[in-house]
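These notes concern the structure reproduced below.
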Number of protein chains: 2
Amino acid sequence: MNKNMKVIIVGGVAGGASCAARLRRLNETAEIILVERGPYVSYANCGLPYYVGGVIEQESSLFVADERTFREQFAIDVRSHWEATQIFPDQKTIELRQVLTGETVTESYDKLVLSPGAAPIRPNLPGIDLPGIFSVRTVPDVRAIRRWLEASNTLSGLESYSGFQTVVKKRAVVVGGGFIGLEMAENLIHLGLDVTLIQRGDQILEPLDLEMARYVQRFLGEKGLHLVLNDGAAGFQKSEQGQLMVFTQSGQEYPADIVVLGIGVQPEVELAKSAGLEIGQRGGIRVDEQMHTSQPDIFAVGDAVEVKDFITREWSLVALAGPANRQGRIAADVICGRNSRYRGTQGTAIIGLFGAAAGWTGVSEKTLQRLGDKDYEKIYIYPNSHAGYYPGAKMLAIKLIFRKSDGRVIGAQALGQDGVDKRIDAFAMAIQAGFTIYDLEESELTYAPQFGGAKSPVNFAGMVAADVLRDDVSIAHWHNLPESAFLLDVRHPQELAVEQAVGVVNIPLPELRSRLDELPKDREICVVYRSGQRAYYATRILLQNGFQVRNVSGGMMAHSVFLRDETVAGTLY
Amino acid sequence: MNKNMKVIIVGGVAGGASCAARLRRLNETAEIILVERGPYVSYANCGLPYYVGGVIEQESSLFVADERTFREQFAIDVRSHWEATQIFPDQKTIELRQVLTGETVTESYDKLVLSPGAAPIRPNLPGIDLPGIFSVRTVPDVRAIRRWLEASNTLSGLESYSGFQTVVKKRAVVVGGGFIGLEMAENLIHLGLDVTLIQRGDQILEPLDLEMARYVQRFLGEKGLHLVLNDGAAGFQKSEQGQLMVFTQSGQEYPADIVVLGIGVQPEVELAKSAGLEIGQRGGIRVDEQMHTSQPDIFAVGDAVEVKDFITREWSLVALAGPANRQGRIAADVICGRNSRYRGTQGTAIIGLFGAAAGWTGVSEKTLQRLGDKDYEKIYIYPNSHAGYYPGAKMLAIKLIFRKSDGRVIGAQALGQDGVDKRIDAFAMAIQAGFTIYDLEESELTYAPQFGGAKSPVNFAGMVAADVLRDDVSIAHWHNLPESAFLLDVRHPQELAVEQAVGVVNIPLPELRSRLDELPKDREICVVYRSGQRAYYATRILLQNGFQVRNVSGGMMAHSVFLRDETVAGTLY
């Protein structure tokens, strides 16, 4: 390690800031310059929507470590309001421009780290630059949104409204149903706005499988969100009264007092491209496991790089703070001569919405389908978040995806109002460990009535999956039931009155053993209960009595999200 | 598998009930008899204290699955109010006695499963059988406690008190500071009683290391518990006024309107002993990995058996519902000809107290010391439960224990008011996986501002530990600081005014680089910050400038629990 090396880091948020701090800890004498185009380094970009909503009250809370901290604690030369305009890899120099004054300087470097992040996509649509249309990336962005909301009296409950009994809600249109779009929608609803969210595809939260996303969609609908699927923004106009109008591809018009774009992000790679760095098929900077780009002495980290998916080994783009931080550390390690390696990204993520959460880790079923990978099975379970006898237990919806060949856990998705994070974390550890479903059966997790069950949902997922792979039970799924199947619902008749699938025959579980003669031996029987667990008991009874039988995974809880008929509603939330 | 075998299970709660249900699922035609001495099978014994406190309002909530469910769903012959009085292994018969009528029958069995549990210890002390002294094991136990509290107007806030302004609080003495003792203490405080807890040893929650238990003790003190350590109950008396009095070994007297014994449990092994089954050194029934006892065709599961500790491979007694359930399943599997094996018990556990929690998994430091095992290091960290910029983050205290030789994670203890369960679960998965601290650094866990940090506490624990094993930093601990150490506190002077260790020299971190000449080169410097993280930054600066330096793990947060001087209080809660 060259003790006196000069390292320039471009981009001062998650990946860049982590890299800078780690570098200093490893090398006290290096010259470290942290270049940030915006006014702030190391701010909490994941907190921005909550500052808009007022959940985070003080703007100052958003600053994780300020420039002064970097200077004083880490002796890092922070240059905010400077942007990198060009790299000369052969000379090992970089041109920097002060964005306020236009001044430029050229700095030499021994090592260069690029952490430019990913920029919100702003499609080139008519009217996209009208006032009142916002993206959400930086502190100034959300400051502008807050000002707009306040200035235009967009917030319900403002004092200026206090004399009136009938306040017409101001309207927001959010374009895009990913993290930022949904978090902004929630926060705008908290502020009292009437929010419509327009999503181009057939579901929100693209990393989730469709049927799981539908639970979230239904829940958001109950919270007042107007969700428009399969449509996209086509353009924007401002009326003579100053009212914004959003036009969609399907020809609809939505009036709006504010529009928030959350369409997605794309890696900022112009600088990297101009320096001749290799760009991958997904549009991100190509790096190796040690975060080297195609140019020696230039590293890249964070949202702008392509990473290997931990399961599929595909190149992918992941815009998450955790991986960015780890990559920043690894680049610093490697610069200081260490042999650290990035292991790939599992895609573990979570979003909190109205007190509930949706989380996932590993691979989704849709990704497996896209890859033509058929070596998997899935199960759905709906356990309580903690012991049912202790007050406050909430139902979780969990989808577990595992290898049919060897039982390895490869993906999990979970939804609910309590304990989603905990279960996804456990599944994430399991995937990292290469665990099988049989290992999940044996996991020894915390249990007290407030926190879980004697069989945790993680154990339970393992047991249900293992029952399938051990051939103790065959399962069927609503979306591919055999045409000829005999559908047997073993719930109590009262429960069927609330919701039932079309064409089922009902024999309550306690009567099953005495009514076997009512069942066909020449057709496959598919058994349904509320969530599948007791269907499994029924399935075991029938199997051992010589019937061909399968358990419909997820039972009635899964029914309503697989079959589009929303009149048969499940009750997850 | 003998399709028509006859299996008798003795004990109808966690292990026995799980075994019975699993047996039926695997074998539809076996004859299964479930014998339970008490009136109820499959009740929620972990919920009992919360029923006393009224958190669980209905007694019926305590019944997980009733006798009828076992009969109807599982076709199991449930015999409550029957106890097993003798086993004749050679004849493969068992004698059963109806506890209400005294009727006896002898049943033959093909396989016998013992799940007798563990009984609360009731030491043979003077007055132990006085009315008003209770143990907590069964539904009738807690029903009796509730009746006693109601009948003796022990509950504050009863309507009969409503006319009076000054209500003298009724008093409870709880003997024993384990799960039951502490949960009962919390619930009695909730009911308005003045509670004194007497604990024989120098700490509550014996599985925790002493310094971690002290945080809990301080917190419970803030919640109003009077904790008496290093003392034990010596006897009980009733005064002429009907007042109970608890006498202790140290000669103290504590008046009480109710006394709850939570001294611990001991395996119920009389039946097993009389049948000649092997009993281990710890006093539990000895079983192999497949839950066979020393007699062919007799299995044992649950609190009454000794299990192998997952880390130390020692035989141990673990009275927890999760392991009991898994053992019940395994016994059923093996009876049905499957090759299931119990992998040992990690000792993962958690207790919720006044909205906070204490959890642990794996081995404690005190166990390692008892075994003379010196191949370990430990670190203390105090991270936020979620991103500090989002409201509601609470500080966690985490102790991580790992192998010095190879970095393997072998134990974790965590305390706090939010997210303890989640982190202990992640550490439990890590221990199950044989993960090292380097694996923890790379774990990819859920992050959103409400749920965690870009570096989760699990990652952070791994990083801090890895810094130690990579020799990036040496650590010291308060309880074994070198005598000659130069104690350097790098906090801001204002912070020192709140709390400081004796004999420290203060140089604030931002000034450190410019004041190196004030530090000795010939003595080891031990650096302190609030929780250790920034002491690590200082340590790195000093190390690279040629000083001998160590970071005091846990900093001031650990100070107050290692040094007995309670006037220097930390602020975990």
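First the proteins, then the strands, lettered A, B, ... as listed; each starts at 1. These numbers come from a predicted model, not from an experiment.
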For the interface with chain B, which of A/Arg24, A/Arg68, A/Met463 has the highest count of heavy-atom pairs at distances below 4.5 Å? A/Met463

So which of A/Tyr51, A/Phe310, A/Tyr537 has the biggest tally of heavy-atom pairs under 4.5 Å with chain B? A/Tyr537

Where is the tightest heavy-atom contact between A/Ile56 and B/Pro391, given as atom of each residue plus distance? CG1-CD, 4.1 Å

Taking the side chain as every heavy atom from C-beta outward, state whether B/Tyr536 and A/Arg25 have any pair of such atoms under 4.5 Å apart. yes

Applying the side chain to side chain donor-acceptor pair (under 3.5 Å) criterion to B/Thr446, which one of A/Asp425, A/Thr361, A/Asp421 satisfies it? A/Asp425

Taking A/Arg534, A/Arg423, A/Glu28, A/Gln58 one by one, which has the highest count of heavy-atom pairs under 4.5 Å against chain B? A/Glu28

Taking the side chain as C-beta and beyond, is there a heavy-atom pair between B/Arg338 and A/Asp472 under 4.5 Å? yes

Side chain, backbone, both or neither: which part of A/Asn545 has a heavy atom under 4.5 Å from chain B? side chain

What part of B/Asp467 gets closer than 4.5 Å to chain A, counting heavy atoms only: side chain, backbone, both or neither? side chain

A/Glu441 vs B/Ile330 side-chain heavy atoms within contact, under 4.5 Å: no

Which atom names give the shortest non-hydrogen contact between A/Tyr389 and B/Cys46, and what distance separates them? OH-CB, 3.3 Å

Find the one option among A/Glu72, A/Gln73, A/Lys455 whose heavy-atom pairs under 4.5 Å with chain B are most numerous. A/Gln73

Identify which of A/Gly453, A/Gly452, A/Ala75, A/Ala387 forms the greatest number of heavy-atom pairs closer than 4.5 Å to chain B. A/Ala75

Between B/Glu442 and A/Arg326, is any pair of side-chain heavy atoms under 4.5 Å apart? yes

B/Gln544 side chain reached by A/Thr29 side chain, heavy atoms, under 4.5 Å: no

Check whether A/Gln450 gets within reach of chain B through its side chain, its backbone, both or neither, counting any heavy atom under 4.5 Å. side chain

So which of B/Thr69, B/Thr345, B/Ile424, B/Val473 has the biggest tally of heavy-atom pairs under 4.5 Å with chain A? B/Thr345

Checking heavy atoms, do the side chain of A/Thr539, its backbone, both or neither come under 4.5 Å from chain B? neither

With only heavy atoms counted, which part of B/Tyr390 is less than 4.5 Å from chain A, the side chain, the backbone, both or neither? both

Go through the atoms of B/Ile351 and report whether side chain, backbone, both or neither lie under 4.5 Å from a heavy atom of chain A. backbone

Contact leader toward chain B among A/Ala324, A/Gly388, A/Ala433, where contacts are heavy-atom pairs under 4.5 Å: A/Ala433

So which part of A/Phe74 gets closer than 4.5 Å to some heavy atom of chain B, the side chain, the backbone, both or neither? both

Counting only heavy atoms closer than 4.5 Å, note whether A/Tyr447 contacts chain B via side chain, backbone, both or neither. both

Side chain from CB out, backbone as N, CA, C, O: work out which of these in A/Arg513 comes under 4.5 Å of a heavy atom of chain B, or both, or neither. side chain

Would you check if A/Met429 and B/Leu440 make a side-chain contact, meaning some heavy-atom pair closer than 4.5 Å? yes

Residues B/Arg343, A/Glu444; criterion salt bridge (Lys or Arg N to Asp or Glu O under 4.0 Å); working and verdict: CA-CA 10 Å; B/Arg343 299 182 181 185; A/Glu444 193 179 309; over 6 Å; no

Checking A/Ala538 against chain B: side chain, backbone, both or neither under 4.5 Å from a heavy atom? neither

Where on A/Arg470 is there a heavy atom nearer than 4.5 Å to chain B: the side chain, the backbone, both, or neither? side chain

If one checks every heavy atom of A/Ala349 against chain B at 4.5 Å, the contacting part turns out to be backbone

For the NZ atom of B/Lys422 and the CG atom of A/Leu445, what is their distance to the nearest 0.5 Å? 14.0 Å

What part of B/Arg329 is in contact with chain A, defined as an atom under 4.5 angstrom from a non-hydrogen atom: side chain, backbone, both or neither? side chain

